[in-house]
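Data block below; observations after.
Below, each value reflects all heavy atoms present in this structure, side chains not excepted, and no hydrogens, waters or symmetry copies.
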Amino acid sequence: MRAKMEKMAIVALTLACATVGVEGAKAMAQEVDFAKIIVAHRGASGYLPEHTLESKALAYNMGVAYLEQDLAMTKDDELVVVHDHYLDRVTDVADKFPDRARADGRYYVIDFTLEEIKSLRFTEGFNLENGKRVQVYPGRFPMFGSTFRIHTFAEEIEFIQGLNATMGKDIGLYVETKAPWFHKQEGKDISKATLEVLRQYGYTTKDSNVIFQTFDYPDLKYVKTKLMPELGMDLKTVILITDNSSKETYELIDGKWQPYDFNYLLDPKNFAEIAQYADGMGPAYKMLFDLEQTKLGHIVPNNLVKAAHHAGMVVHPYTIRKDALPQWAANVDELFQAVLIDADADGVFTDFPDLGVAFLRKHEQQQ
Ligand code: G3P
Ligand code: CA
């Protein structure tokens with residue numbers, strides 16, 4: 001996968017489009033080659049509400065290699081593109097369906113039909129503070145501004161494939177099944193549904209321009225050893241890694257659902273085993289550094305990327321945001337430099353795809 005991903009002429013093609021037009025860009029496509037990739041995290045979500053088609057279109061034209069899709073399943077078994085398996089952070093569901101929250105106060109995608117979900121207004125994300133909606137990133141697109149709607153996975157694939165046809169490019173999908181363990185608890189197999197849609201649209205082999213990602217390692221093993229063989233598919237895969245404190249994933253042990261221990265995925269001793277199921281790893285970017293020693297102007301990578309490369313895996317960390325920098329980066333370019341160059345990651349997710357592409361362009365010119 002590393003070697004393949006180092007042939008990302010498409011990034012250069014898109015960059016070129018901005019200056020010389022589509023036909024000129026096509027002609028230049030083979031001449032410039034970025035070694036690393038930029039993934040549009042939920043689209044160009046620093047500029048437009050995450051996962052809207054509008055945000056995907058903007059990111060598409062910023063020169064990324066991949067557009068990300070996070071997926072959840074509706075009551076009537078449709079796959080929708082939305083980050084949480086809840087609706088309350090990014091829609092007006094609490095206004096439209098006030099009595100449909102579960103006991104924990106959350107409104108679950110899985111409790112609503114596609115028709116109901118499409119009736120909601122999709123917005124920049126917010127938290128509730130003392131009963132008031134407070135935008136998570138205040139400098140971003142105004143909360144409930146304009147009109148956006150949630151769409152299905154199939155609609156997004158058709159959107160991207162349509163753009164690929166009209167723009168003469170081949171931008172990829174970077175698809176995450178959200179909380180497969182939760183969908184299983186609810187009697188649904190989100191991974192199977194996702195693979196079936198991908199197959200329907202022609203994504204079936206490792207050469208297909210898609211990466212399948214998940215935080216659920218037990219489910220990834222199921223996908224690789226059972227689902228993909230049964231469906232006649234073999235896609236590139238990335239295992240995502242987070243802190244245990246997030247309680248992102250649960251696994252069934254002796255008939256009981258227990259929080260998954262992500263430390264397993266961070267221990268290089270296990271990388272050869274993990275590489276049997278994953279072509280790459282997607283850790284939080286802070287996991288690439290010795291945070292005891294890393295300070296402003298003094299970046300100290302740990303051995304995670306080296307060990308992953310040794311096991312034959314690429315590393316695509318998440319998520320660079322210019323409006324949420326760590327203390328050890330004075331600006332977003334310093335963070336891109338630390339992650340992509342100092343730590344040698346093969347690509348990165350960012351809410352600001354234009355800044356990632358601009359960083360890579362500048363870096364390549366300096367080589
Ligand atoms: O999938 C990579 C990155 O998107 C993981 O974080 O929580 O934004 O899905 P999250
Ligand atoms: Ca994701």
Side-chain angles (χ1 to χ4, degrees), residues 8 11 14-15 18 34-52 54-70 83-84 89-90 123-127 134-143 145-146 148 171 174 176 240 242-243 246 282-289 291 294-301 305 315-366:
M8 292 310 301
V11 177
T14 316
L15 276 172
F34 280 176
K36 313 225 175 209
I37 63 161
I38 298 296
V39 184
H41 182 247
R42 312 181 196 173
S45 53
Y47 302 100
L48 279 164
E50 66 184 45
H51 282 317
T52 57
E54 291 82 352
S55 174
K56 302 297 164 79
L58 187 59
Y60 187 101
N61 215 37
M62 286 175 166
V64 295
Y66 290 93
L67 296 166
E68 191 197 25
Q69 298 79 34
D70 292 307
H83 178 266
D84 314 338
R89 182 181 60 88
V90 288
T123 176
E124 184 64 34
F126 58 84
N127 290 323
V134 179
Q135 190 161 326
V136 177
Y137 296 101
R140 297 196 182 183
F141 198 87
M143 194 167 51
S146 192
F148 303 101
I171 303 303
Y174 209 128
E176 181 183 348
L240 299 169
T242 183
D243 292 323
S246 70
Y285 65 73
K286 66 178 182 185
M287 292 172 174
L288 274 46
F289 303 98
L291 294 176
T294 293
K295 299 183 177 30
L296 260 184
H298 183 68
I299 303 298
V300 186
V305 174
V315 181
H316 293 163
Y318 61 91
T319 298
I320 292 190
R321 300 177 165 108
K322 77 165 183 193
D323 46 6
L325 293 171
Q327 283 178 341
W328 41 268
N331 55 56
V332 77
D333 273 0
E334 283 192 14
L335 188 52
F336 281 119
Q337 168 77 29
V339 170
L340 290 170
I341 311 303
D342 301 343
D344 195 26
D346 305 277
V348 73
F349 289 80
T350 178
D351 290 0
F352 296 88
D354 55 335
L355 303 183
V357 171
F359 170 82
L360 282 182
R361 179 166 44 186
K362 204 162 60 189
H363 179 76
E364 294 272 310
Q365 280 165 357
Q366 286 164 357

Practice task
Nearest 0.5 Å please: distance from the CD1 atom of I320 over to the CZ atom of F352.
Solution key: 11.5 Å

Problem - Side chains of E334 and I299 in contact at under 4.5 Å (non-hydrogen atoms) - result: no

Completion exercise
Taking every heavy atom of G145 against every heavy atom of F148, the minimum-distance pair comes out as O-CE1, 3.5 Å

Problem - Over all atoms of both residues, closest heavy-atom pair of L288 and P317 - result: CD2-CG, 3.6 Å

Handout entry: Side chain to side chain, F359 and L335, heavy atoms closer than 4.5 Å
Key = no

Completion exercise
When rounded to the nearest 0.5 Å, the distance separating CG of L48 from CZ of R140 is 11.0 Å

Exercise for the section: Starting at CG of L360, measure out to CG of L340 and round the result to the nearest 0.5 Å. Expected result: 5.5 Å

Exercise for the section: Any chance you could measure I171, atom CD1, to K56, atom NZ, to the nearest 0.5 Å? Expected result: 13.5 Å

Problem - Polar side chain donor-acceptor pair, D351 to Y137, under 3.5 angstrom - result: no

Problem - Distance-minimising heavy-atom pair for P301 and F289 - result: CA-CD2, 3.9 Å

Problem - Pair D344 + K36: basic N to acidic O under 4.0 Å - result: yes

Problem - Pair F336 and H363, ring centroids less than 6.0 Å apart - result: no

Completion exercise
Checking E68, H41, H316 against Y174 for side chain to side chain donor-acceptor pair (under 3.5 Å), the one that qualifies is H316

Exercise for the section: Report yes if some heavy atom in the side chain of F141 is under 4.5 Å from a heavy atom in the side chain of E54; otherwise report no. Expected result: no

Problem - Value rounded to 0.5 Å, distance of OG1 in T52 from CZ in R42 - result: 12.5 Å

Practice task
Answer yes or no: is there an ion pair linking K286 with D243, defined by an N-O contact shorter than 4.0 Å?
Solution key: yes

Practice task
Could you check if a side-chain atom of V348 sits within less than 4.5 angstrom of a side-chain atom of Y285, using non-hydrogen atoms only?
Solution key: no

Problem - Donor-acceptor under 3.5 Å (S55 side chain, A44 main chain) - result: yes

Problem - Donor-acceptor contact below 3.5 Å, side chain E50 vs main chain S45 - result: no

Exercise for the section: Output, in order, the C-alpha distance, side-chain angles, deciding distance and verdict of side-chain contact (heavy atoms from CB on, under 4.5 Å) for D342 and Q337. Expected result: CA-CA 6 Å; D342 301 343; Q337 168 77 29; 3.1 Å; yes

Exercise for the section: Check whether any side-chain heavy atom of P49 lies under 4.5 Å from a side-chain heavy atom of V90, and answer yes or no. Expected result: no

Practice task
Specify the closest pair of heavy atoms between M143 and F126, including all atoms of both residues, with the distance to one decimal.
Solution key: SD-CB, 3.4 Å

Handout entry: Atom pair CG (L67) and NE2 (H51), whose distance is rounded to the nearest 0.5 Å
Key = 10.5 Å

Fill in the blank from the handout: G43 and A59 have their tightest heavy-atom pair at C-CB, 3.8 Å

Exercise for the section: For residues G63 and V357, report the shortest heavy-atom separation together with the two atoms involved. Expected result: O-CG2, 3.5 Å

